[in-house]
Amino acid sequence: MHGLIGRVRSWSGLRSVAGQVFLLQAVVIVILVAAAVVALLFQSRNDAEREARNRSLAVATAVAASPSVRQALSGGHSTAALQQQAEETRKRSAVDFIVVMSPQGIRYTHPTPGQIGRHYIGNIAGAQRGGTVTETTTGTLGPSVRTVVPVISDGKIVGLVSAGISVDHVSLAAGRHLPFVLAVTGVVLSAATVGTALISRRLRRQTHGLGPVQMTRMYEHHDAVLHSVREGVLIVDPRGRLLLANDEARRLLGLGADGECLPIGRLGLAPEAERLLLSGRTTTDEVLEVGDRLLAVSQRPMDHRPGGPGGWVATLRDTTELSTLMGRVELVQDRLKLLYEAGLRIGTTLDVTQTAQELAEFSVPRFADYVSVDLADTVLYGEEPNRVNAADLRRVALHGIREGVPLSPPGELIHFDPGTPQGSGFGSGRMVLEADMPAFTGWQVQDPDRARKLVAYGIHSMIVAPLRARGGVLGVATFWRSKEPTPFSQEDLSLAEELVARAAVSIDNARRFAREHTLAVTLQRSLLPHALPEHSAVDVAHRYLPATAGLGGVGGDWFDVIPLPGARVAIVVGDVVGHGLHAAATMGQLRTAVHNFSTLDLPPDELLWHLDELVTRIDQDRDSGSESPTLTGATCLYAIYDPVTGRCSMARAGHLEPIIVHPDGHAELPGVPAGPPLGLGGMPYEKIETVLPEDSRIVLYTDGLIEDRRRDIDEGIELLCRAVGQPGLTPDQTCRAAMDAMLPEAARDDVALIVAGTRLLDNKHTVSWEVPTDPAAVAGVRADAAQLLQDWGLEEEAFTLELILSELVTNAIRHATGPIGVRVIRDRSLICEVSDGSSVSPHLRRATTLDEGGRGLFLVAQFADRWGTRYTSEGKVIWTEQQLDVLDGRA
């Protein structure tokens with residue numbers, strides 16, 4: 001009973017400060033000891049796993065290095081010998097298992113004999129390559145560590161050895177030491193507790209029995225300071241006297257050591273600080289200027305509890321450097337915003353001059369008062385900068401806050417001296433800062449008189465920034481400052497460099513685009529017909545308009561007029577998908593192919609079929625090894641007009657249908673069957689034939705003329721029909737009317753338009769005869785031909801024509817079938833046609849001295865300027881042409 005009362009009395013002492021300290025110390029010791037025990041257990045676990053890894057590695061390595069194991073694996077793989085040795089080694093090394101296996105993982109040994117011959121379960125890939133594999137697995141016996149090493153004999157891996165041990169098996173030693181550790185820990189805890197109690201009792205004696213109330217009041221002021229202080233701390237009592245000021249507050253306010261307990265008014269503070277401290281009002285981070293510092297003052301009243309000290313606490317922070325830093329942050333933010341806006345407003349077009357002008361206009365007045373941009377002349381034409389005349393630059397942009405600045409105007413070619421900032425910056429590619437231009441430190445050597453005018457104008461500093469892009473210098477941008485009194489500084493160089501870097505990339509992109517566009521236009525112009533041949537069959541006018549640069553560029557639209565035998569003419573128009581160099585080159589391929597096929601004098605549908613086959617082969621070649629896109633999708637319209645009969649045959653491959661305008665102005669679509677685009681294959685092309693009266697107009701065009709996002713194609717064709725469907729228009733007037741009506745704005749796609757006005761050759765220019773299949777009829781044909789040429793005034797051509805007719809008609813009578821016809825056409829040349837019902841083509845050959853025949857066709861080829869064969873549905877036609885000296889054979 002007495003013992004219980006004593007314990008209660010002893011625990012009642014915890015109400016005192018010393019008792020509370022004693023309890024706190026005891027709790028801390030217990031926590032630390034518990035943490036130490038836990039750390040010891042974790043350390044023991046880690047040591048056990050590390051020991052398991054080391055032991056499994058050592059055992060596996062030792063077994064793999066054993067000569068007997070190598071010999072057994074290199075020899076006959078004696079499982080009995082290896083099993084016995086492995087088990088003995090396992091027992092001696094205290095591991096859980098030792099497995100010897102083949103390089104493929106087939107077990108030769110195992111603690112459980114039934115597992116021998118089965119595949120090893122685990123990772124052996126690294127060991128198969130000559131490395132060591134160590135892994136930790138969790139099985140029925142808990143976590144275990146196994147190591148696999150290779151057995152190497154004569155430089156080859158002849159087998160693998162795996163040794164494994166359970167982590168718990170290794171950690172048993174640490175578990176046996178745990179009771180001892182806990183016992184020692186208990187002793188240490190007891191000693192620490194006793195020591196803490198003794199120290200607490202000693203502390204109570206040294207405080208002379210100070211009670212909790214006095215201790216609480218004494219520490220209230222310290223608590224207020226500790227929780228309110230940021231930098232300097234001031235405590236003011238309700239009567240306006242300074243009770244406490246720490247060292248930082250004295251330093252910030254310049255107070256002496258004897259300032260405490262003095263009224264605030266006698267401390268010599270700044271008026272604003274004095275009024276704030278005397279007011280006692282609550283404030284947070286109120287900035288006051290005290291001397292050369294900016295102080296952020298926060299003030300709070302202390303608790304007015306009964307017996308409390310009263311007054312208020314003020315904290316001071318020196319924000320001078322923070323204000324400077326914030327100013328810099330704002331400056332950086334402004335510059336980042338400026339660069340962001342520059343990225344949006346500079347380089348909006350693919351035009352070199354416009355981009356340079358955008359740089360100048362954007363930089364004024366945000367960064368400079370005047371900006372000039374000078375570029376190498378070759379850059380304006382899409383070429384690389386000319387390093388031969390490195391300092392010859394052309395001014396392409398100049399912008400400022402006012403007019404009349406004495407700087408070289410845009411368009412002027414300036415030769416900058418290498419010693420000037422512009423010449424040095426362009427030559428070296430480095431930024432140049434001239435902060436004090438009135439000092440004339442050498443920048444004025446370019447033009448001293450102009451330099452004096454610039455300084456007199458008020459310009460006092462400049463930055464020269466080279467326009468660098470992709471390893472080259474395109475020109476320089478010069479930033480001038482006059483209105484802003486502060487000169488350019490080193491910090492401004494980085495901003496200027498960022499501005500011109502963005503502009504330089506845009507200018508270089510525009511330069512490259514201009515070069516590619518120029519190359520494509522040049523290539524396309526070289527591939528398109530420079531001048532269409534004059535022909536008696538049609539009067540031709542055409543228009544070609546490439547797409548606007550930036551909206552598509554040069555495409556693959558093309559057209560052509562090809563003279564054909566018999567005074568006929570072929571009119572063709574086509575469109576290749578895509579834009580740029582590839583489309584232009586492809587257009588040249590197709591135009592050349594059409595010219596080649598036209599020499600075979602094929603009808604339109606057959607020609608398009610051959611062209612489709614060619615495109616298919618080209619696409620197959622490109623698919624097999626070329627990075628160029630395929631041609632599939634190209635379109636073509638091919639028409640043949642015969643001025644003798646007035647017949648026009650047409651076929652189209654995926655192209656828009658032509659428009660026929662009759663002499664009375666009525667425009668219509670002839671109904672040409674739609675065929676697939678070139679390259680698709682598999683479907684035949686169909687042609688139509690129509691007879692056109694004289695002075696009709698055939699309008700062929702590409703889709704760029706009628707396509708518009710605001711209307712569909714049918715509406716565009718109808719609008720084009722109305723534009724060209726006017727009577728009395730010439731082909732050239734028809735082209736002008738179509739372009740004016742269909743293209744009020746910049747074209748987004750290539751436009752090709754060709755208008756052919758038809759003509760007819762009357763009976764005064766063409767004569768035909770039917771020839772009997774009798775050799776005696778040849779003489780009559782010759783006589784009729786001679787009389788005809790005499791009537792036409794072409795007596796000089798009579799002998800040649802008689803010889804040609806004699807040979808061709810004789811061959812037709814002998815080798816062909818009837819009916820046989822002869823037609824003579826007087827055009828720009830004298831045309832002779834002999835038709836028969838046979839589809840067998842004659843062959844030109846050279847007869848030997850013993851041959852009785854075979855010289856006729858050879859003579860025809862010698863006397864005629866041109867000759868050839870074309871096939872018709874009734875047979876064939878052999879034709880010849882003799883050039884006439886007159887300019888107009890119809891006159």
Side-chain angles (χ1 to χ4, degrees), residues 534-538 563-569 601 640-647 691 694 758-838 842 855-870 872 874-891:
E534 295 184 4
H535 205 278
S536 301
V538 290
L564 297 177
R568 296 170 304 135
V569 63
D601 209 352
I640 297 177
Y641 176 69
D642 187 348
V644 177
T645 62
R647 289 184 176 276
V691 177
E694 191 172 12
T758 62
R759 297 170 180 166
L760 289 177
L761 297 179
D762 54 19
N763 295 332
K764 296 180 180 180
H765 297 84
T766 177
V767 175
S768 60
W769 303 289
E770 292 289 337
V771 180
T773 58
D774 184 359
V778 176
V781 173
R782 295 180 60 176
D784 293 341
Q787 182 63 43
L788 176 65
L789 293 189
Q790 185 178 358
D791 296 340
W792 284 349
L794 302 176
E795 292 85 354
E796 295 181 359
E797 307 295 333
F799 174 75
T800 303
L801 181 61
E802 288 181 37
L803 178 61
I804 291 173
L805 280 174
S806 177
E807 295 298 332
L808 294 181
V809 173
T810 300
N811 285 341
I813 293 174
R814 289 182 178 179
H815 305 293
T817 60
I820 299 174
V822 174
R823 186 170 69 171
V824 180
I825 302 173
R826 184 183 63 155
D827 192 36
R828 298 179 184 273
S829 61
L830 184 61
I831 303 170
C832 175
E833 296 180 346
V834 177
S835 61
D836 58 56
S838 173
R855 297 178 178 85
L857 199 58
F858 179 78
L859 293 176
V860 171
Q862 292 295 317
F863 284 99
D865 294 299
R866 295 176 61 216
W867 75 280
T869 304
R870 74 173 181 269
T872 64
E874 294 82 11
K876 68 177 182 295
V877 175
I878 300 177
W879 56 268
T880 64
E881 287 187 7
Q882 297 171 246
Q883 294 296 328
L884 300 178
D885 295 334
V886 294
L887 295 178
D888 187 1
R890 299 186 299 164

*Asks:* Who passes side-chain hydrogen bond (donor to acceptor under 3.5 Å, both in side chains) against E797, sequence neighbours left out?
*Replies:* Q882
*Asks:* Can you list the residues that meet the side-chain contact (heavy atoms from CB on, under 4.5 Å) rule with R647, with sequence neighbours excluded?
*Replies:* T645, E689, V691
*Asks:* Mind checking the CD1-CG spacing from I820 to D836? Nearest 0.5 Å is all I need.
*Replies:* 6.5 Å
*Asks:* Holding to side-chain hydrogen bond (donor to acceptor under 3.5 Å, both in side chains), I want the full list of residues that pass it with R782, two or more places apart in sequence or in another chain.
*Replies:* none
*Asks:* Using side chain to side chain contact (heavy atoms under 4.5 Å, CB included), reason through S536 and R828 one step at a time and then give a plain yes or no.
*Replies:* CA-CA 7 Å; S536 301; R828 298 179 184 273; 3.5 Å; yes
*Asks:* Would you indicate whether E796, at its atom CD, is surrounded by more than 12 heavy atoms from other residues, nucleotides or ligands within a distance under 6.0 Å?
*Replies:* no
*Asks:* Considering non-hydrogen atoms only, spot the tightest contact between A864 and T880 and give its length.
*Replies:* CB-CB, 3.9 Å
*Asks:* Nearest 0.5 Å, please: how far is CG in L808 from CD in E833?
*Replies:* 11.0 Å
*Asks:* Atom CG of L789 and atom CG of L830: how far apart are they, to the nearest 0.5 Å?
*Replies:* 5.5 Å
*Asks:* Rounded to the nearest 0.5 Å, what separation is found between the CG atom of D784 and the CH2 atom of W769?
*Replies:* 5.5 Å
*Asks:* Heavy atoms only: give me the nearest A567-I825 pair and the separation to one decimal.
*Replies:* CB-CG2, 4.4 Å
*Asks:* For the residue pair W879 and P565, what are the closest heavy atoms and their distance?
*Replies:* CZ2-CG, 3.1 Å
*Asks:* Would R870 and K876 count as a side chain to side chain contact (heavy atoms under 4.5 Å, CB included) if you check the C-alpha gap in whole Å, the side-chain angles of each, and the deciding distance to 0.1 Å?
*Replies:* CA-CA 6 Å; R870 74 173 181 269; K876 68 177 182 295; over 6 Å; no
*Asks:* Using side-chain contact (heavy atoms from CB on, under 4.5 Å) as the criterion, list what pairs up with T872, not counting sequence neighbours.
*Replies:* E874, V877
*Asks:* Does R866 have any side-chain hydrogen bond (donor to acceptor under 3.5 Å, both in side chains) partners at least two apart in sequence or in another chain, and if so, which?
*Replies:* E881
*Asks:* Write down the atom of V771, the atom of A777, and the distance for their closest heavy-atom approach.
*Replies:* CG1-CB, 4.2 Å
*Asks:* Quick one: list whatever passes side-chain hydrogen bond (donor to acceptor under 3.5 Å, both in side chains) with D791, sequence neighbours left out.
*Replies:* Q787
*Asks:* Evaluate the side chain to side chain contact (heavy atoms under 4.5 Å, CB included) criterion for residues H765 and D827: first the C-alpha distance (whole Å), next the side-chain angles of each, then the deciding distance (0.1 Å), finally the verdict.
*Replies:* CA-CA 7 Å; H765 297 84; D827 192 36; over 6 Å; no
*Asks:* Side chains of E770 and P819: closer than 4.5 Å at any heavy-atom pair?
*Replies:* yes
*Asks:* Check W792 against K764 and note the closest heavy-atom contact, atom names and distance.
*Replies:* NE1-O, 3.2 Å
